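Following: one structure in structure tokens, then a few remarks.
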Protein chains: 2
Amino acid sequence: MKRNTWQREAVRTALGSNEGFVSAQSLHSTLRDTGSPIGLATVYRALADLAVEGEADSLQSLEGESLYRACTPGQHHHHLICRNCGLTVEIEADAVELWAQSVASEHGFTQPNHVVDVFGLCAECTAQVRPGR
Amino acid sequence: MKRNTWQREAVRTALGSNEGFVSAQSLHSTLRDTGSPIGLATVYRALADLAVEGEADSLQSLEGESLYRACTPGQHHHHLICRNCGLTVEIEADAVELWAQSVASEHGFTQPNHVVDVFGLCAECTAQVRPGR
DNA sequence: ACAGTAATGAGATTCGTTATCAATAATACA
DNA sequence: TGTATTATTGATAACGAATCTCATTACTGT
Ligand SMILES: [Mn+2]
Ligand SMILES: [Mn+2]
Ligand SMILES: [Zn+2]
Ligand SMILES: [Zn+2]
């Protein structure tokens, strides 16, 4: 049976208090900095579990690192992510869902999956990069 | 200045004779198996260069590995990839391009980028998995 | 309380990728 | 064509994210 430990809860809380996507390593550092003696392997396991249970979203950074974020459970959605500060907006895209389905079946593909992420500079970071322009 | 070496050409050729996405390691194995004494680091460098120059597409596998594929240069496009055999179809998705643009600007994001990949089982692999069903 | 066992965590290990750096070879030019 | 310049190569070391090992810990149901 699955057991409740303060470690899992600590990871859940730390993830929830974060605006954007974070890596297991940086989340572990954050927890350690706040005095938690949690182990790195436990953070990895907790994040993987949360992702399976639908409580966390995960994606691969452009460098191949796995990143996690507290997620609105239940509904399928995608993300608009600031490349600079990590600010993330959950977006729904019914049109894209349908498109993915149809393009797969048009080519005889079954059991379609898709990866859809939009990256950019958020309004705030845009203002910082081009001040007064 | 950039120099032409048989190593770069060998990587270009090997990549072009492959149907789907391949990793640097497996491409290196293939080249070695055909008698080429090319080094692993050189394969990594050649693939990275080809990707920058637009001659190769790259994506992160679900396990975080970087995969490469000879690419129709010039035009922006996405991929429909068989999870089982790697068969890849290049797809265009003007509607998705426009959607990505608009969803970014609606939230004040600039310089939008996007990652769009569709995975599934190709017709052939579907038939193998469910024979006669 | 106690037994059963899932969960933990320090450290070792795996594996993809990048850095090092001496040797090599492509290119420009005399 | 010969030579100097220097980009490129490749064996190896180094790096880093992620996973594995396994003895220890501590939930949970009874
Ligand atoms: Mn979706
Ligand atoms: Mn696109
Ligand atoms: Zn930002
Ligand atoms: Zn297939």
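From a predicted model like this one, the values you see are computed outputs, not experimental measurements. Naming convention: chains lettered A, B, ... in sequence-line order (proteins, then strands); numbering from 1 in each chain.
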Checklist entry - Backbone N or O of A:R32 within a donor-acceptor pair of the A:S36 side chain at under 3.5 Å? => result no
Next on the checklist: Under 4.0 Å, heavy atom to any atom of DNA chain D: which of residues 58-71 of chain B qualify?
Outcome noted: none
Next on the checklist: With a 4.5 Å cut-off on side-chain heavy atoms, are A:V116 and B:V96 touching?
Outcome noted: no
Checklist entry - What is the minimum heavy-atom distance between A:A10 and A:L31, and which atoms define it? => result O-CD2, 3.9 Å
Next on the checklist: By the 4.0 Å heavy-atom rule, please label A:L40 as base, sugar-phosphate, or nothing.
Outcome noted: nothing
Next on the checklist: Counting only heavy atoms not in B:E53 (residues, nucleotides, ligands), do more than 12 fall under 6.0 Å from its CD?
Outcome noted: yes
Next on the checklist: Without decimals, in angstroms, what is the distance between B:R32 CZ and D:dT9 C1'?
Outcome noted: 12 Å
Item to check | Residue closer to the 5' end of DNA chain D, A:A41 versus A:Q25 (nearest nucleotide) | outcome: A:Q25
Checklist outcome for this item: When rounded to the nearest 0.5 Å, the distance separating CZ of B:R12 from CG of B:L47 is 11.0 Å
Checklist entry - Does a donor on one side chain and an acceptor on the other come within less than 3.5 Å for B:H114 and B:Q101? => result no
Item to check | Contact boundaries on DNA chain C for chain B, cut-off under 4.0 Å to non-hydrogen atoms | outcome: C:dG16 to C:dT27
Item to check | Heavy-atom protein contacts under 4.0 Å, nucleotides 2-8 of chain D, coded B base, S sugar-phosphate only, - none | outcome: ----BBS
